[in-house]
2 protein chains.
Amino acid sequence: MAEIITDRKSQITEKATRLFRERGYAATSMRDLAAAIGIEAASLYSHLRSKEELLNRICFGMAESFFRARDQVQSLQLAPPVQLRLAIEKHVEVITNDVNASAVFQHEWRYLSEPDLSVFKSMRGEYEAYFMDILSRGKAAGHFQIENEKLAVLSLLSALNWLYDWYRPEGRLQPHEIAAQLSEQVLNGLIKKS
Amino acid sequence: MAEIITDRKSQITEKATRLFRERGYAATSMRDLAAAIGIEAASLYSHLRSKEELLNRICFGMAESFFRARDQVQSLQLAPPVQLRLAIEKHVEVITNDVNASAVFQHEWRYLSEPDLSVFKSMRGEYEAYFMDILSRGKAAGHFQIENEKLAVLSLLSALNWLYDWYRPEGRLQPHEIAAQLSEQVLNGLIKKS
DNA sequence: CCTACCGATCGGTAGG
DNA sequence: CCTACCGATCGGTAGG
């Protein structure tokens, strides 16, 4: 691995992402973080104002990545089944692109304090609404069979969101291959139609 | 709500379950827990030896519930597609039966220390292997279409495991109705076959 | 980026 | 189940 030159703040954020993912936000101390970088805890505060600022950067950084993915998908006018496939692929791309940040995004956002906490929740709701809209239009157009759309959309997203725990960049399967299998599973199910 | 008479230790465990779920294990102090019960923090230690003992009880209690569900399913000799439906139903039942404990089980187990941590992980692996076995046998018998079985089983379980966050006992949908829709989604997918 | 330090809080114990 | 308390650790600041 080549030494990558980045500024100190980016380095701190990256180390924090890894530690928050491994130990959890609440169980990671600023002294842990400082030690991982090789400086004293007090020195961190010349680069940032608080521990929560780090959590903030990570959570909202991921939220923006998901939004960018959504905007790309929505800019194309696609029929619901193919749009859903694309939305899944882009979602998987965002997760696999930074598995540590994805894990923190999924699990540690609740340690945000207000008003960020509410902003975060509403952004997440907006993203779920984007998937919900695809399902609803697909159902209305007769493409999809769905009883309860809220149940469907949340289980669908959950079926993707654990990937940060399994995906390995050096592994055999590429993100688009993973996305393809999961799309197939979500759209056509496990039962073989003979 | 009627006042339910239980012994102190059960009461402490139940309050701990709720607090660990709401705030996370690491961010819940024994003083928080004591205050929720209405005693002093030091008094907790006449009922238990450590904070981790509580986490232990919750995590392994859930693990045993999942194992009992598995044993019920395996005691019936069923063809893979119908066995999978039943496994999903039982899994959903366990989660909906105690949503707080389910949340702690899903997210806080990593704060267990050795040797419990390793025991927990191997139990979880055994449970995943039980679902994996259903999928493998179903695939071998020509019932299922699955490319990567590990990917399939983990996304399947993830599609169920978020339910603790959504299910409300007082809500409209009963656990078996939720299980039925999710089974349908997993087995036949979202695409309508006309 | 460091040394030195703050008040608050942590899990847990002693002794009754 | 309480009062009183332990050493350790927390996020963060002052001042250089």
Quick check on ring-ring contact (aromatic ring centres under 6.0 Å, His included): which of Phe60(A), Tyr127(A), Tyr130(A) does Phe66(A) satisfy it with? Tyr127(A)
What residues form a side chain to side chain contact (heavy atoms under 4.5 Å, CB included) with Ala180(A), not counting sequence neighbours? none
Using a 3.5 Å cut-off and no angle test, enumerate the donor-acceptor pairs between side-chain atoms of residues 73-85 of chain A and protein atoms at least two apart in sequence or in another chain.
from	atom 1	to	atom 2	distance (Å)
Ser75(A)	OG	Gln72(A)	O	2.8
Gln83(A)	OE1	Arg137(A)	NH2	2.5
Arg85(A)	NH2	Glu184(A)	OE1	3.2

Enumerate the salt bridge (charged side-chain N to carboxylate O under 4.0 Å, His left out) contacts for residues 45-60 of chain A, please, sequence neighbours excluded, ordered by first and then second residue. Lys9(A)-Glu53(A), Arg49(A)-Glu53(A)
Taking Watson-Crick and G-U wobble pairs with both distances under 3.5 Å, convert DNA chain C into its dot-bracket string, 5' to 3', dots for unpaired and | for cross-strand pairs. ||||||||||||||||
Reading DNA chain D from 5' onward, which residue's closest nucleotide shows up sooner: Arg31(B) or Arg8(B)? Arg8(B)
Which of residues 45-54 of chain B sit near DNA chain C, with a heavy atom under 4.0 Å from it? Tyr45(B), Ser50(B), Lys51(B)
Please list, chain by chain and in numerical order, all residues satisfying side chain to side chain contact (heavy atoms under 4.5 Å, CB included) with Ala141(A), sequence neighbours excluded. His143(A)
Who are the side chain to side chain contact (heavy atoms under 4.5 Å, CB included) partners of Ala34(A), not counting sequence neighbours? Ile39(A), Ala41(A), Leu44(A)
Output every pair passing salt bridge (charged side-chain N to carboxylate O under 4.0 Å, His left out) with a member in residues 86-109 of chain A, not counting sequence neighbours, ordered by first then second residue. Lys90(A)-Glu93(A), Glu108(A)-Arg110(B)
Pairwise 5' ranking along DNA chain D for Asp32(A) and Ala42(A), keeping only the more 5' one: Asp32(A)
With salt bridge (charged side-chain N to carboxylate O under 4.0 Å, His left out) as the rule and sequence neighbours excluded, what pairs involving residues 32-46 of chain A come up? Arg23(A)-Asp32(A)
For DNA chain C, note the earliest and the latest nucleotide, 5' to 3', having some atom under 4.0 Å of a heavy atom belonging to chain A. dC1(C) to dA4(C)
State which residues pass side chain to side chain contact (heavy atoms under 4.5 Å, CB included) with Glu147(A); sequence neighbours excluded, sorted by chain then number. Gln181(B)
Any salt bridge (charged side-chain N to carboxylate O under 4.0 Å, His left out) pairs touching residues 116-126 of chain B, not counting sequence neighbours? Arg70(B)-Glu126(B)
